[in-house]
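Here is the structure we will look at.
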2 protein chains.
Amino acid sequence: MSADAAPITRVRAADELKHVALEQFASAGFAGSSLQHIADRAGYSKSSVLYHYASKEALLEAAIEPAIAEFEAVLDEFLTNRGSERRRRLVDDVVRLLLAHREAVHVFLFQGPSLDLPIIARANAAVRRLAAAIHEERESVAEQVRFGVALGGAAFLLTAGRSFAEEDALPSDDELREALRTVLTELLIPSGRHRPTSDH
Amino acid sequence: MSADAAPITRVRAADELKHVALEQFASAGFAGSSLQHIADRAGYSKSSVLYHYASKEALLEAAIEPAIAEFEAVLDEFLTNRGSERRRRLVDDVVRLLLAHREAVHVFLFQGPSLDLPIIARANAAVRRLAAAIHEERESVAEQVRFGVALGGAAFLLTAGRSFAEEDALPSDDELREALRTVLTELLIPSGRHRPTSDH
DNA sequence: CCAGAAGCTGACCGATCGGTCAGCTACCGT
DNA sequence: ACGGTAGCTGACCGATCGGTCAGCTTCTGG
């Protein structure tokens, strides 16, 4: 049998290691996180880590691939859509993705350029595709800056920026989601707001 | 004599190493930058680096201290001022500081939380002071998010985000300064714009 | 009852890490 | 002419890095 209930501990170790590793990669950087440290934190030996994952790189890949795949899906949809809902969908998707995959986003967005790994190259390619699309359709520099500040700022707020707040004053995820949607909408959706032709 | 012209090569080595090191720290991370690599890039030996700087940590400190001191000055002025020009000054100062010290800001803002060094602690304390001041005077979550997105986004755009743009399409620093001032002003200065009481 | 796979580990490997040290060269003021 | 110092280097150190490997347990299907 072993159709159910059995793998209670089965997949757990690998997932646990993946989770601890992602935390470490996001908070201390990929280069700054040793397999030994990750193993210690998870309560395993370094050999165990390398039993479940062929290499440090494979561990990183397993940890951030889902986030990258989801980001690629969001991007594809954005590039396909042409309707008026286009940007609204992007804002919603991005906020949801950021909240669900903070650590992973922190890794491939902030450390991405410095890591020479296939999985990171794939993530960078996706980010670059988004940047190129934005650069194409928004000719003014201020418009491009708005986009970069919005996405980079949102990512910063949920990852690195978090450590600068007082712990007892951290808003809940629900509050954050709504506030982020509000702010990103202001920045990215030129709804009948006060931005005449000032740019460019 | 030796009152002039002599130190042409004198201070050069130390400054050159500092500059190369800062580039490396910003692009590859502190943990990911080895003294050997920095020395190679600068055309010196590793021993030479440690002759000019007592340790890797001292090298980092020399590289980013000026930026931190300047940031502290900007912060002190912001915390002192009470006039209506307060936020406008902050925007101007921050944009100027970001453009002048991109790499240093990238180090202590994005890698800051993960490095346990005195100089980084000092930088983190300053950022935290700013965050606390913002949290105090802006009670709505959206307002705090606006602040975090603005500052974090601007920093992202000038550092990590830069590598995602096509090289031949990078705006000049002057264009960036103006665009950043525009966008940050929109985000941080509640001038008679369409933000009624929607927040909180 | 037992063969074998899964899970996990310590011992070990070469490479590289940050850092020390003795010594070399070149130039300085006296 | 010479002692001292500033600049720089290669050799070397212990620690730690990512990764390999043989072997130990524990469980399971036949």
Side-chain angles (χ1 to χ4, degrees), chain A residues 1-22 24-25 27-63 107 111 114-120, chain B residues 1-22 24-25 27-63 107 111 114-120:
Chain A
M1 226 33 60
S2 77
D4 65 335
I8 285 182
T9 324
R10 280 277 196 263
V11 195
R12 261 297 152 77
D15 282 353
E16 200 173 344
L17 286 169
K18 194 202 304 175
H19 182 244
V20 170
L22 182 54
Q24 279 295 303
F25 291 153
S27 70
F30 181 72
S33 304
S34 72
L35 293 178
Q36 186 68 64
H37 193 181
I38 292 169
D40 290 348
R41 283 216 145 205
Y44 292 90
S45 73
K46 190 178 70 168
S47 298
S48 262
V49 179
L50 288 162
Y51 167 77
H52 288 287
Y53 300 95
S55 65
K56 191 184 180 186
E57 176 180 340
L59 178 54
L60 174 71
E61 176 159 348
V107 170
Q111 314 176 32
S114 68
L115 301 177
D116 191 25
L117 308 172
I119 183 69
I120 294 293
Chain B
M1 231 26 59
S2 77
D4 65 334
I8 286 183
T9 326
R10 280 275 196 263
V11 194
R12 260 299 154 74
D15 282 354
E16 201 173 343
L17 287 169
K18 193 201 305 174
H19 182 244
V20 170
L22 182 54
Q24 279 294 303
F25 290 152
S27 70
F30 181 72
S33 304
S34 72
L35 293 178
Q36 186 68 65
H37 193 180
I38 293 169
D40 289 349
R41 284 215 147 207
Y44 291 90
S45 72
K46 189 179 68 168
S47 298
S48 261
V49 179
L50 288 162
Y51 168 77
H52 288 287
Y53 300 95
S55 65
K56 192 185 180 186
E57 176 181 340
L59 178 54
L60 174 70
E61 175 159 349
V107 170
Q111 313 176 33
S114 68
L115 301 177
D116 191 24
L117 307 173
I119 184 69
I120 294 294

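A note on names: the letters A, B, ... follow the listed sequences, proteins ahead of strands, and every chain is numbered from 1.
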Those residues of residues 42-49 of chain B lying under 4.0 Å from DNA chain C by at least one heavy atom: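 Residues of residues 42-49 of chain B under 4.0 Å from DNA chain C: B:Lys46, B:Ser47.
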
In whole angstrom, what separates [X]'s [atom1] from [N]'s [atom2]?
{"X": "B:Ile38", "N": "C:dG19", "atom1": "CD1", "atom2": "C1'", "result": "14 Å"}
{"X": "A:Tyr53", "N": "C:dG7", "atom1": "OH", "atom2": "C1'", "result": "14 Å"}
{"X": "A:Leu35", "N": "D:dG18", "atom1": "CG", "atom2": "P", "result": "4 Å"}
{"X": "B:Gln36", "N": "D:dA11", "atom1": "CD", "atom2": "P", "result": "12 Å"}
{"X": "A:Asp40", "N": "C:dG10", "atom1": "CG", "atom2": "P", "result": "10 Å"}
{"X": "B:Leu17", "N": "D:dG7", "atom1": "CG", "atom2": "C1'", "result": "12 Å"}

Residue pairs involving residues 32-51 of chain A (criterion ring pair (Phe, Tyr, Trp, His ring centres under 6.0 Å); sequence neighbours excluded):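 Passing the test, one end in residues 32-51 of chain A: no pairs.
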
Quick one: list whatever passes side-chain contact (heavy atoms from CB on, under 4.5 Å) with B:Ser45, sequence neighbours left out.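 Per chain and number, B:Ser45 pairs via side-chain contact (heavy atoms from CB on, under 4.5 Å) with B:Ser47, B:Ser48.
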
Could I get the full list of side chain to side chain donor-acceptor pair (under 3.5 Å) partners for B:Glu57, not counting sequence neighbours?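 Here no residue qualifies.
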
Does this structure show an ion pair linking A:Lys18 with A:Asp15, if we count only N-O contacts that are shorter than 4.0 Å?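 Salt bridge flag = yes for A:Asp15 with A:Lys18.
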
Please check the phosphate of [N] (OP1 and OP2 only) for any side-chain N or O of [X] closer than 4.0 Å.
{"X": "B:His52", "N": "D:dA6", "result": "no"}
{"X": "B:His37", "N": "C:dC17", "result": "no"}
{"X": "B:Ser34", "N": "C:dC17", "result": "yes"}

Using a heavy-atom cut-off of under 4.0 Å over every strand shown, decide if A:Leu50 touches base, sugar-phosphate, or nothing.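 Base contact.
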
Of the listed C:dT9, D:dT20, C:dG19, the closest approach to the A:Tyr51 side chain comes from C:dT9

With B:Lys46 via salt bridge (charged side-chain N to carboxylate O under 4.0 Å, His left out) - residues at least two apart: none

Could you give the distance from CG (B:Leu117) to CZ (B:Phe30), rounded to the nearest 0.5 Å?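 Between B:Leu117 CG and B:Phe30 CZ, I get 5.5 Å after rounding to 0.5 Å.
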
